[in-house]
Amino acid sequence: MRYAGIVVAGGSARRLSGVDKPALSVGGKPLLARAIHALEGAERVIAVGPRRPGFDVVWTREPVPGTGPVAALAAGLVFVPDDVEAVALLAADLPGVRRSTVDRLVTAIGEGDGAVLVDAAGKRQWLLGAWRTAALRAALPAEVDNAALRRVLGGLTITEVPAERGEADDIDTPEDLERHSAG
């Protein structure tokens, strides 16, 4: 299945004192680079957030920066070609995401609307999924600013894909960063 990738690379990183999370390095590689590398098989990669040099992607921003992942998704979808069947949606703070992660998610869509990674606790990782492009476009509400992604996508037909070890981890706190930097 042909797919595009959208990386949500904005946000305020309040729990990390406002640092540029996508620029944080884990294992010698910026988190944003890890997300973009995981999307190597995509027809096009769109990064939604402040432009950062050195990445060959389409850059865009939400009309009102900082209004959440649904607004970021809507901004990114504008750049997804109409003939691309699916979209892999990733946060830019996932140290364990790999191309194999994205490949498993895209394959798992099957006949449904999308697939999301589920962590070891059984929690859906809404910013680690793959979706039919048409389903995403149809699910977007008229008002995207500050909308909850789980509410927007939760009504779709979803396949849950169990995460492999570390795959669903994200970096939200200094402790998360320390744990992944040490590992």
Side-chain angles (χ1 to χ4, degrees), residues 1-11 20-62 68-110 112-119 124-137 139-140 149 152-153 156 158-171 180:
M1 178 180 301
R2 294 177 56 226
Y3 68 93
I6 296 176
V7 180
V8 177
D20 182 11
K21 269 204 302 187
L24 292 174
S25 182
V26 172
K29 192 173 191 178
L31 290 170
L32 180 58
R34 290 176 173 278
I36 291 169
H37 180 74
L39 293 166
E40 266 185 353
E43 300 271 326
R44 175 180 291 170
V45 177
I46 302 107
V48 185
R51 182 180 297 270
R52 295 166 180 95
F55 296 102
D56 185 23
V57 299
V58 175
W59 287 98
T60 191
R61 292 296 308 257
E62 317 90 317
V70 176
L73 170 60
L77 274 174
V78 170
F79 295 95
V80 174
D82 290 335
D83 63 343
V84 173
E85 299 169 86
V87 173
L89 178 63
L90 304 179
D93 66 348
L94 305 166
V97 70
R98 302 179 293 277
R99 180 168 178 183
S100 61
T101 310
V102 173
D103 289 345
R104 285 191 354 263
L105 288 164
V106 170
T107 299
I109 293 171
D113 295 321
V116 296
L117 210 65
V118 177
D119 67 18
R124 288 178 173 176
Q125 300 301 304
W126 294 106
L127 285 172
L128 194 43
W131 306 89
R132 290 196 181 279
T133 307
L136 281 178
R137 288 186 170 131
L140 285 177
L149 195 58
V152 170
L153 301 179
L156 298 176
I158 300 168
T159 300
E160 293 184 345
V161 177
E164 294 176 2
R165 184 178 174 173
E167 212 172 28
D169 293 353
D170 60 3
I171 304 291
H180 285 283

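Within the 4.5 Å cutoff, the side chain of Tyr3 has heavy atoms near those of the Asp103 side chain. Leu140 has its side chain within reach of Val70: a pair of non-hydrogen atoms, C-beta onward, lies under 4.5 Å apart. Side-chain contact check for Trp126 versus Val152: every heavy-atom pair is 4.5 Å or farther apart. Using a 4.5 Å heavy-atom cutoff, the side chains of Val8 and Val48 are not in contact.
Using a cutoff of 4.0 Å between basic side-chain nitrogens and carboxylate oxygens, Asp119 and Arg165 are not scored as salt-bridged. Between Arg2 and Glu43, at least one side-chain N (NZ, or NE/NH1/NH2) sits under 4.0 Å from a carboxylate O, which counts as a salt bridge. A salt bridge between Arg104 and Glu167 is present, with a side-chain N of the basic residue lying under 4.0 Å from a carboxylate O of the acidic one.
Scanning both residues, Asp170 and Pro95, for their nearest heavy atoms gives CA-CD, 4.0 Å.
Arg51 places no side-chain N or O within donor-acceptor distance of the main-chain N or O of Gly49, the cut-off being under 3.5 Å. Looking at Thr159, its side chain does come within 3.5 Å of a backbone N or O of Ala108 through a donor-acceptor pair.
When the options Leu149, Leu136, Leu77 are evaluated for a side-chain contact (heavy atoms from CB on, under 4.5 Å) with Leu89, the one that passes is Leu149. Just one residue in the list Leu127, Leu128, Asp169 forms a side-chain contact (heavy atoms from CB on, under 4.5 Å) with Leu94, and that residue is Leu128.
No more than 12 heavy atoms of other residues, nucleotides or ligands shown are found within 6.0 angstrom of CG on Asp82.
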